[in-house]
Amino acid sequence: MNLQRTTPSNDTVVARATPEGEGGLAVVRLSGPAALAIARSVFRGPGFGPSKVHLPTPRRAVCGILHEPLAAQDDEEQQVVAIDEALALPLPGPHSYTGEDTVEFFCHGGRQVAAAVVRACQAAGAVAAPPGEFTRRAFLNGRLTLDQAEAVADLITAGSALAARAAITQLRGGLDAELGAVEWPLLDLLVRLEGSLEFSDDDGAGVPADEVRLALAEALEGLDRLLALAPAGRLLRDGIHIALAGAPNAGKSSLFNRLVGDERALVDAEPGTTRDVVAARVHRGGRLYVLHDTAGLRDEAGRVEAMGIARARETAAAADLVLLLAEAGSDWPALALPERGAPPVLRVATKGDLGGVRALGSPVLTSALTGAGIDDLWGAIEKHAEAWNLDEAASLGVVLNERHRQRLLEGRDELAQLLALYEGGADPGDEVAGTLLAATLARLGEISGRVFSEQLLDGVFRRFCVGK
Ligand SMILES: Nc1nc2c(ncn2[C@@H]2O[C@H](COP(=O)(O)OP(=O)(O)OP(=O)(O)O)[C@@H](O)[C@H]2O)c(=O)[nH]1
Ligand SMILES: [Mg+2]
């Protein structure tokens, strides 16, 4: 197997790990071979400071003074220019987040202190850490797999309780375990295929085709099970997007406001009130929903309204679920969604308080005025959401992103092709099978980073924040 490992750079990096702005505390993190030496020149406290007689106790925080770097490193009496009173926590490698020597400073929050601490560390020889640098080093030092590193970013950006649970479960090895269940039997098979080549002179017997076929079929099933969770990964990360569409005056904005629990969109008796798409986030049952109110659909509209209607159709086509609204008793408007990949449509009758009969094919009758049917509507929405298996993905810790999905799809297709050779009755032979299988395993190995390139890492860590 192609195991590429580039070593982390020799720099010692520094960055604030907490967001900028006012808050009680800020954390500044130093990591790299010179972390302790740099910490000694900007922090005076038990075990720190210029004297090398006392060393800090690993993993024990001490209180002291963060200061401008000292000119003469070994002058115990030298007066320091204080930046803050702070805690320093020495975390020697390899038992640190990055796997390198690390020192974390817990200083006062706000805009000035942490920035001054970072500057002091830089003056003492540290370089500013680019986004994701600490996690990149953690990966390069074997502290995390690549998909665990991605889960760190997902955990930080999680927009819902369920997304956070999914990310921490993936960080704790969820996806790696599920992938391993597919990869290990294939690795085992690969070893046997390659072994049979080496010893073929002795006994002439390769791996029985039936066994290869069975192992490939099982792996294929496993990959399909994982791929079925790809939509859940996207919905956990981006939220479930719901578009409200319908004829002008159907009561879309009123229902939108009800669902959001806030008067976000303008409501008026005049048809054509909503032009632009108005979006709002709603948290329910640990999930994040992003609702979109849109312009009423009609044919005769002015120029600006027509632009709004085009946006309404685009929003509906891109949504995960469309609520198609019509006043109880009136007809359903034509939505004209694209034929391929169109989202499911849930028909919702509105203005139920006016006494109109429930329109044919509508499972839900609502009134934005009285609030009747709103709980039922949420129930129907949640029923749709169940089908996307967000809870399963979260409890397994399988939060697939586009990168994972692509590698899984490619691996799946390659395995399917190999399996087809066997099923066609033609045994391709252990050598061919072994070569194809090794290529597939290398592709799947990019998910956990068992196989990686600098380019792959740049792509993954680009979306991280500074200080992580
Ligand atoms: N009685 C009653 N009136 C409603 C209800 N919902 C909306 N309305 C009224 O219907 C009119 C249109 O409501 P909107 O929510 O602006 O309708 P819309 O579909 O967003 O309209 P456009 O943005 O113009 O496409 C307003 O006068 C609302 O007060 C309802 O549940 N019951
Ligand atoms: Mg409206």
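Read the numbers this way: they start at 1 and go in the same order the structure lists the ligands and their atoms. Computed from a predicted structure; not experimentally measured.
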Query raised in the report: Within less than 2.8 Å of the Mg ion (ligand 2), any N, O or S from Thr274?
Result: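 Checking Thr274: at least one N, O or S atom is under 2.8 Å.
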
**Report entry** the Mg ion (ligand 2) to nearest N/O/S of Ser253 below 2.8 Å
**Finding:** yes

Query raised in the report: What protein heavy atom is closest to atom 25 (O) of ligand 1, reported as residue, atom name and distance in Å?
Result: Lys252 NZ, 2.8 Å

Report summary line: If you scan protein heavy atoms around atom 31 (O) of ligand 1, the nearest is Ala368 N, 2.9 Å

Query - Donor-acceptor contact below 3.5 Å, side chain Thr12 vs main chain Val127 - result: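 Not a single qualifying donor-acceptor pair exists.
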
When you compare ligand 1 with [X], is there at least one nitrogen or oxygen pair between them that comes in under 3.5 angstrom?
{"X": "Thr273", "answer": "yes"}
{"X": "Ser253", "answer": "yes"}
{"X": "Gly251", "answer": "yes"}

Short side-chain donor-acceptor distance under 3.5 Å, [Y] and [X]:
{"X": "Asn401", "Y": "Glu150", "answer": "yes"}
{"X": "Ser31", "Y": "Thr98", "answer": "yes"}
{"X": "Asp353", "Y": "Thr370", "answer": "no"}

Atoms of ligand 1 less than 4.0 Å from [X] heavy atoms?
{"X": "Glu270", "answer": "24 (O)"}
{"X": "Gly296", "answer": "25 (O)"}
{"X": "Ala250", "answer": "19 (O)"}
{"X": "Leu369", "answer": "1 (N), 30 (C), 31 (O), 32 (N)"}
{"X": "Asp353", "answer": "1 (N), 2 (C), 30 (C), 31 (O), 32 (N)"}
{"X": "Ser367", "answer": "31 (O)"}

Heavy-atom distance to [atom]: which of [options] wins?
{"atom": "atom 6 (N) of ligand 1", "options": "Gly371, Ala326, Ser254, Ala269", "value": "Ser254"}
{"atom": "atom 3 (N) of ligand 1", "options": "Glu305, Lys351, Arg258", "value": "Lys351"}
{"atom": "atom 24 (O) of ligand 1", "options": "Gly352, Ala328, Pro248, Gly272", "value": "Gly272"}
{"atom": "atom 29 (O) of ligand 1", "options": "Asn257, Val267, Thr350", "value": "Val267"}

Salt-bridged, [X] to [Y], with N to O below 4.0 Å?
{"X": "Arg407", "Y": "Glu410", "answer": "yes"}
{"X": "Arg136", "Y": "Glu454", "answer": "yes"}
{"X": "Arg287", "Y": "Asp391", "answer": "yes"}
{"X": "Arg405", "Y": "Glu402", "answer": "yes"}
{"X": "Glu305", "Y": "Arg298", "answer": "yes"}

Which bit of [X] is near ligand 1, meaning a heavy atom under 4.0 Å away: side chain, backbone, both or neither?
{"X": "Pro271", "answer": "backbone"}
{"X": "Asp268", "answer": "backbone"}
{"X": "Asn249", "answer": "both"}

Requested in this report: Could you tell me if any non-hydrogen atom of Gly246 lies under 4.0 Å from any atom of ligand 1?
Outcome: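 It does not; every heavy atom stays at 4.0 Å or beyond.
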
Requested in this report: Determine, step by step, whether Asp293 and Ser253 satisfy the side-chain hydrogen bond (donor to acceptor under 3.5 Å, both in side chains) criterion, reporting the C-alpha distance in whole Å, the side-chain angles of both residues, the deciding distance to 0.1 Å, and the verdict.
Outcome: CA-CA 6 Å; Asp293 181 27; Ser253 300; 2.6 Å; yes

Query raised in the report: So, do Phe43 and Asp84 sit near enough that their side-chain heavy atoms are less than 4.5 Å apart?
Result: no

Query raised in the report: How long is the gap from CD on Glu218 to CG on Leu186, to the nearest 0.5 Å?
Result: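 Separation between the atoms: 10.0 Å.
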
Report task. Hey, can you tell me if Phe452 and Phe139 have their rings parallel, tilted or perpendicular (30° and 60° cut-offs)? Result ->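 Rings of Phe452 and Phe139: perpendicular, over 60°.
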
